[in-house]
Amino acid sequence: MINRAIGVFRAIAPATIRKDPMTDPIPPQGIPQPSPQPAAVPAQFAAGLDTPAPGTEAAPAQPATVPAADVAQATPAPFGAQAAPGTPAMEIRGLAKRFGEKIAVNGINLTIPQGSFYGLVGPNGAGKTTTLSMATGLLRPEFGTALIYGVDMWENPVEAKRLVGNLADGVRMFDRLTGQQLVTYHGLLSGLDAETVATRTTDLLGLLDLQQAANTLVVDYSAGMTKKIALACAMIHAPRLLVLDEPFESVDPVSAANIRDILHGYVAGGGTVIVSSHSMDLVERMCDHVAVIAAGRVVAAGTVDEVRAGSTLEDRFVQLVGGRHQQEGPEWLRSF
Amino acid sequence: MAAQLLAPAPVTAKQPSIVRVLVKLRYQIMWNSLRRNTWQLVGAIIGALYGLGILGMALVSLVVLGINADQYTGVILITVGSVLVLGWGIVPLATAGADRTLDPARFATFPISQTSLRWGTLLAGALGIPGIITLLVSALTALAWIRSPLAAVVAVICAPIALVTCLLVSQLVLTLATRLAMSRRYREIIGTVLLVLIILLGPLIAGLSGGIVLSISLFPSIAAVASWTPVGAVWAVPAAVAAGDPLGAILHLLVAVASVAVVYWLWQVAYAASVNASATRSSSTGRVRDARGPFRFFPANPAGAIAARCLIYWFRDPRYARSLILVPLMPFLFWFITRQTEGGPEVLAFATPFMLLFVATATFVDLAFDGTAFAAHVAHGVRGIDDRRGRAWAFMTLIVPMTIVIAVIVAVISGGVHLLPAVLGVSLGMILAGNGVSSVESAFFLMPVPDPADSPWASKPGSGVLSLAGTFGSMGALIVLSLPALILMIVGAVTGSALLIWLTLPVGLGIGALFYWIGVRWGGRILDRTAPDMLTRLTKHA
């Protein structure tokens, strides 16, 4: 993945923004959306972060009841009380971010229903990682809001973050720890007690076939093992929503299948998964919902069947995103 | 750019020199990173101005030296020149480090010979600010020889040799240091050396205090010896010419040139070894015996987890160890500095606080060391105060016992045991206050630090001045906060009042604890607000 140079964060007063050419009105999306969008995007732009998001205040605040329940068995699935039916697991409204001159995310709206296995696809540099970073509290958005089970990520970060398990792409880990120590570390950081952490760490390492490497420093792991340990770190606190940025990158097929099983079990138990991926095949087979992002905008979103509209997801993706060109490459690359 | 790269390669055209490409690459990367980070740019500009200042001062001094030329001109130039060469070797180790853009490991996949890489590294060094200043100052020594025109000409001719010597010494030391730092054995060696130094500190101080006295009368003999060593030979050539000793000049020149050849050869060997080492680096660490390690010793909550993790890093990340190297050396250094002045145990009692001045705020680079791994704290919504506390606990677990041991040893040796309560009060108070200061400072100030995978002596362009600003900022704050206990200790030491000496202990501890309490909370609150923005800045640094 591109280690994108993140530009200077500039706190920009709304007044400045209105004059800014960047706020060019974004045409309403003519794409199947899973739920009606609450507001036109330009309004989000102009309003900034503080706008009360219409319609969500009704959502009951519940994260306090979130499970300290033990993960006894293979799937880290028990989720305590369900959120009020209908509250999306994640709702993104008008998220926007630019790095210097470059607009990375340009008013994204997405609704991820509870219990869905949601795929996020898009070409390189489309803004997937930026969007997910903003939605999980790692990157401050310039505009827009992200609600996790109705809890605003940037108004109430501690509560919202407790609900999310996050596998971020392109960040380091504390890789001078052993695998077991790293998972323990994440468990303790999320406030679990020692005993729970110990049990769950053992479970997760077993689940991900990492027992052998439990006492090896993570810095010595292969790329695939590093992804797996990061996944364990994301799941240790039994979050209700897993946000996984490129979880299958450089993971071998057997491990990938195992991880898919775990994730399916997790969804079956009531959890929600968001994965970003470049692999259309994988998303098509694994996910029930998908959103296509290009140039910082959602160009299509809905159930996988809705989005692919009778075609394969890959063909539909290329059709939506464009940029395919038929050529054989330069002459010098064919004659040595 | 991409279009250029994809254009058919001009295979038939004259190949650009790889060395030139490498040097250009280094400056391109430096320029790009300066453009991305305004503060680094400011740092680089201040650094350049500083260099100009040094150049100006050197110019004035050399002119004065030229006007008042006598038999000491050679002695002075040889001594100062030797210090300059040694400085090129030592300063990068002790401070900001060296540019690692042309790290051989990065070019492992390119068909570039090691020789080209070495020359690229040297040339890039020569074209940096310190390189240019060194060359100019070396050439300007001609001014000091202005009364003997031939010697002046020789001085100008010798300037490039001097520069190459400096560059090679610096590269050799850095290559060796990096190689050592990357290996596990290094950490063991450092640990052992530290232990031995602590044990030897007493006898060393006792022995040396009765021994040699460094005085101005020693300089001629120091210069005489240095003029036959790699560090001083090149400076002795014009001196010998001026003294009308052509044979001596030739011999000094031979030593200087041979030194360059030998150091180059040594560097080549070390360099080749480091290339091989970096290719196999990943398999060097291995498994760890104890499953949970320090996680057992700290409470099972976020702050405790962070403390355990930091403690592991203090041992496993060579960048942390760098700041502790000073600990056993400082009292000795302090003794050496105060050697010339009057005073007995009262003066030496300051050794431990003096050491802590440089060490007590060490945690303020912690967050920068984390790099983007800090995302784990942000993603889990760790409270700022837990973050601050964890880092402070880990550091205090290490530094408090070390400080007590050193304070006791110094007190026993210097015969200042009666001052011990005051020394401990001031020292422990400084540790507490230092952690308070760094808790606040590191919540908004990011030190430019080498990447975890990099050598602990790698530096980023323009980072030197920023590091200094950060260090002096924290030091200044620490001095101010420690002043009450310090004054009490001084008054107690001067008056010999046991009451005041004992009073310093609770006062120092109390004030330190208060500032720790405030600092951790204040810093925590800042971090609660700024954590995602710090992460963004860390991402940009990476």
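Naming: A, B, ... by sequence-line order, numbering from 1 per chain.
Ranked by non-hydrogen atom pairs under 4.5 Å with chain A, the options B:I306, B:D386, B:V382 are led by B:I306. Interface remark: of the candidates B:P302, B:A376, B:A531, B:G381, B:P302 forms the most heavy-atom pairs closer than 4.5 Å to chain A.
A salt bridge does not link B:R383 with B:D528: none of the charged nitrogens is closer than 4.0 Å to a carboxylate oxygen.
Open room surrounds CZ on B:R525; 12 or fewer heavy atoms of other groups in view lie less than 6.0 Å from it.
The aromatic ring centres of B:Y320 and B:F369 sit less than 6.0 Å apart.
Although no hydrogens or angles enter the test, the distance criterion places no donor-acceptor pair under 3.5 Å between the side chain of A:E159 and the main chain of A:V151.
With a 4.5 angstrom heavy-atom cutoff, A:A168 does not touch chain B via any of its atoms.
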